[in-house]
Amino acid sequence: MKDKTAKWLSSGIIISIVIMIVGFILWTNLSPIPGEDSLSPRELRNVQKEMAIHFPLGRLLLNIGFISFSLTLLALVIRQLTSFIKKK
């Protein structure tokens, strides 16, 4: 990874992973829900939305992190493959 672009793409992957972790922490409910077995999936989702730190922001950060991770990983793989093919 002598190339500057490859270093930038690698740092983009790390940043997107951090964004996904922060989004998950904001999105998830960190406290246990009493009577979780008796709730329907819709009720359980509503309880999670109410008890999460910041549900909409967490969901947004998860989506942004996943998309940026996928794109930067794809760009890095394509860049490495093209440099490998050019060496042959």
Side-chain angles (χ1 to χ4, degrees):
M1 290 201 323
K2 297 176 185 176
D3 193 8
K4 283 187 178 182
T5 308
K7 288 181 183 179
W8 278 103
L9 289 172
S10 298
S11 63
I13 288 174
I14 293 170
I15 291 170
S16 62
I17 289 173
V18 170
I19 289 173
M20 285 190 290
I21 291 171
V22 170
F24 180 76
I25 291 171
L26 292 175
W27 173 75
T28 191
N29 177 15
L30 299 176
S31 61
I33 300 172
E36 184 176 338
D37 298 334
S38 63
L39 296 174
S40 68
R42 176 175 252 165
E43 291 172 339
L44 189 60
R45 180 122 173 133
N46 289 337
V47 169
Q48 181 182 6
K49 284 182 181 181
E50 291 173 6
M51 296 183 75
I53 297 172
H54 199 289
F55 188 82
L57 179 62
R59 188 174 63 196
L60 177 70
L61 287 176
L62 274 172
N63 291 335
I64 289 172
F66 180 72
I67 291 169
S68 65
F69 177 79
S70 301
L71 292 176
T72 53
L73 184 63
L74 181 66
L76 185 63
V77 168
I78 289 173
R79 186 154 183 85
Q80 294 298 326
L81 283 176
T82 55
S83 67
F84 178 73
I85 291 172
K86 285 181 182 179
K87 286 183 182 179
K88 283 188 169 186

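Only heavy atoms go into these numbers, but all of them, side chains included; no hydrogens, no water, no symmetry mates.
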| message | So, using side chain to side chain donor-acceptor pair (under 3.5 Å) as the criterion, who are the partners of R79 when residues are at least two apart? | response | D3
| query | Can you get from I67 to F24 by hopping between Ile, Leu, Val, Met, Phe, Trp and Tyr side chains that sit under 4.5 Å apart? | reply | no
| What pair of heavy atoms forms the shortest contact from L76 to I13, and how long is it? | CD2-CD1, 3.8 Å
| request: Report the residues that fulfil side-chain contact (heavy atoms from CB on, under 4.5 Å) with I15, sequence neighbours left out, ordered by chain and then residue number. | output: I19
| Between OG1 on residue T82 and NZ on residue K87, distance to nearest 0.5 Å | 10.5 Å
| field | Shortest non-hydrogen separation from M20 to L62 and the atoms involved | value | O-CD2, 3.4 Å
| query | Between NZ of K49 and CG of N29, what distance do you get to the nearest 0.5 Å? | reply | 13.5 Å
| For the atom pair OG (S10) and CG (L73), what is the distance rounded to the nearest 0.5 Å? | 9.5 Å
| query | Should I21 and I14 be counted in the same cluster of Ile, Leu, Val, Met, Phe, Trp and Tyr side chains packed under 4.5 Å apart? | reply | no
| message | With a 6.0 Å cut-off (strictly less than), is the heavy-atom count around CZ of F66, excluding the residue itself, greater than 12? | response | no
| request: State plainly whether one hydrophobic cluster holds both L74 and V77, where clusters connect Ile, Leu, Val, Met, Phe, Trp and Tyr through side-chain heavy atoms under 4.5 angstrom apart. | output: no
| field | Any donor-acceptor N/O pair, S68 side chain to I64 backbone, under 3.5 Å | value | yes
| Shortest non-hydrogen separation from R45 to W27 and the atoms involved | NH1-CZ2, 4.5 Å
| field | Separation of K86 NZ from L81 CG (nearest 0.5 Å) | value | 12.0 Å
| query | Linking I/L/V/M/F/W/Y whenever their side-chain heavy atoms sit closer than 4.5 Å, directly or via other members, would L9 and I78 fall into one cluster? | reply | no
| query | Where the side chain of T72 meets the backbone of F69, is there a donor-acceptor pair that is under 3.5 Å apart? | reply | yes
